[in-house]
Amino acid sequence: QVQLVESGGGSVQAGGSLRLSCAASGRTFSRYAMGWFRQAPGKEREFVAAVHWSGGRTFYADSVKGRFTISRDNAKNAVYLQMNSLKPEDTAVYYCAADGSLILHSKEYEYDYWGQGTQVTVSS
């Protein structure tokens, strides 16, 4: 069982940066791949980024590649999403999720545990 709590959301102007954090409880956190998803108003939830349990492999949606960086610290049971060069279209509720697979996935149904989300608003 893994419980996830996101933090770090807020409001920022276009071109700015935010760093999201996801704190995980549970002794088996290091066995899970972790992902970030987001859901904008009126849209379906979409994949943003994922990181292997080792931290050695990452995977990004094309829309954020080169701007966002996912990382994790297994000693702190935490995963992060550094978001730079933010755009108004990045406005959404951001969720972290845990996946017990060894493969990095972009589909929601592959993830076993979800946080409650944190709001990110980017103004133009």
Side-chain angles (χ1 to χ4, degrees):
Q1 185 83 11
V2 178
Q3 293 182 325
L4 305 171
V5 179
E6 302 93 337
S7 62
S11 296
V12 64
Q13 289 192 328
S17 299
L18 281 174
R19 187 192 194 210
L20 304 184
S21 298
C22 175
S25 63
R27 294 177 296 173
T28 59
F29 169 76
S30 62
R31 300 180 186 176
Y32 286 83
M34 297 298 296
W36 285 97
F37 288 75
R38 66 186 181 186
Q39 187 167 21
K43 296 187 177 181
E44 294 185 352
R45 191 153 54 184
E46 65 175 3
F47 171 76
V48 175
V51 60
H52 189 258
W53 66 265
S54 68
R57 282 191 287 131
T58 57
F59 177 37
Y60 295 93
D62 288 343
S63 58
V64 306
K65 202 172 293 183
R67 300 188 298 123
F68 290 12
T69 302
I70 188 171
S71 62
R72 67 189 296 161
D73 186 338
N74 287 341
K76 295 182 178 180
N77 276 15
V79 63
Y80 309 100
L81 185 68
Q82 177 67 44
M83 306 186 295
N84 298 328
S85 302
L86 282 161
K87 304 175 182 180
E89 50 264 44
D90 295 318
T91 295
V93 177
Y94 283 72
Y95 300 88
C96 70
D99 171 11
S101 172
L102 295 176
I103 301 171
L104 297 184
H105 292 116
S106 63
K107 302 297 185 183
E108 283 188 64
Y109 60 79
E110 297 285 0
Y111 288 79
D112 305 302
Y113 303 102
W114 293 82
Q116 294 301 305
T118 185
Q119 176 70 46
V120 171
T121 302
V122 184
S123 58
S124 58

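Since the model is a prediction, treat every value here as computed from it, not as a measurement.
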Open item on the list: With rounding to the nearest 0.5 angstrom, report the OG to CG distance, Ser54 to Leu102.
Closed with: 9.5 Å

- [ ] Could you check if a side-chain atom of Val120 sits within less than 4.5 angstrom of a side-chain atom of Thr91, using non-hydrogen atoms only?
- [x] no

Open item on the list: If I compare all heavy atoms of Pro88 with all of Ser123, which pair ends up nearest, and what's the gap?
Closed with: CG-C, 4.5 Å

Open item on the list: Could you tell me if the side chain of Trp36 sits less than 4.5 Å from the side chain of Val51, heavy atoms only?
Closed with: no

TODO: List the atom of Tyr94, the atom of Leu20, and the distance in Å for their closest heavy-atom pair.
DONE: CB-CD1, 3.5 Å

TODO: Give a yes or no on this: more than 12 heavy atoms of other residues, nucleotides or ligands lie within 6.0 Å of atom CD of Gln3.
DONE: no

TODO: Specify whether Tyr95 and Trp114 have parallel, tilted or perpendicular ring planes, treating 30° as the upper limit for parallel and 60° as the lower limit for perpendicular.
DONE: perpendicular

Open item on the list: Is the shortest side-chain heavy-atom distance between Tyr60 and Thr69 below 4.5 Å?
Closed with: yes

Task: Backbone N/O of Phe68 and side chain of Gln82: donor-acceptor pair under 3.5 Å - done: no

- [ ] Please round to the nearest 0.5 Å and tell me the distance separating atom OG1 of Thr28 and atom CD of Gln1.
- [x] 9.0 Å

TODO: For the pair Lys87 and Asp90, find out whether any cationic side-chain nitrogen is under 4.0 Å from an anionic carboxylate oxygen.
DONE: no

- [ ] Would you kindly confirm whether Phe37 and Val64 end up in one hydrophobic cluster when ILVMFWY residues are joined by side chain heavy atoms under 4.5 Å apart?
- [x] no

Task: Shortest non-hydrogen contact from Ala40 toward Ala92 - done: N-CB, 3.8 Å

Open item on the list: So, taking the atom named NZ in Lys107 and the one named CZ in Phe47, what distance separates them when rounded to the nearest 0.5 Å?
Closed with: 10.5 Å

- [ ] Could you tell me which non-hydrogen atom of Gly8 sits nearest to which non-hydrogen atom of Leu18, and how far apart they are?
- [x] O-CD2, 3.9 Å

Task: Test item: Ser63 and Arg38 side chains (from C-beta on) under 4.5 Å apart, heavy atoms - done: yes

Task: Euclidean distance, Gln116 CD relative to Ser7 OG, rounded to 0.5 Å - done: 13.5 Å

Task: Test item: Val48 and Phe59 side chains (from C-beta on) under 4.5 Å apart, heavy atoms - done: no

Open item on the list: If we ignore hydrogens and angles and just use 3.5 Å, is the side chain of Arg67 paired with the main-chain N or O of Ser85 as donor and acceptor?
Closed with: yes

Task: Closest heavy-atom pair and its distance - Gly26, Asn77 - done: O-ND2, 3.3 Å

Task: 4.5 Å side-chain heavy-atom contact, Leu4 and Met34 - done: yes

- [ ] For the residue pair Tyr111 and His105, categorise the inter-ring angle as parallel (less than 30°), tilted (30 to 60°) or perpendicular (more than 60°).
- [x] perpendicular

Open item on the list: Quick check with a 6.0 Å cut-off and a 45 degree axis cone: is Arg72 positioned over the face of Phe29's six-membered ring?
Closed with: yes

TODO: Spell out, yes or no, whether Tyr80 and Leu104 are grouped together once hydrophobic residues are joined by side-chain heavy atoms under 4.5 Å, including indirect joins.
DONE: no

Task: Minimum heavy-atom distance between Ala33 and Ser101, given as atom pair plus value - done: CB-O, 3.9 Å

Task: His52 NE2 to Arg57 CZ distance, which is reported to the nearest 0.5 Å - done: 4.0 Å

Open item on the list: Using 0.5 Å steps for rounding, measure from the SG atom of Cys22 to the CD1 atom of Ile70.
Closed with: 9.5 Å

Task: Pairwise side-chain contact, Asp99 with Asp112, heavy-atom cut-off 4.5 Å (strictly under) - done: yes

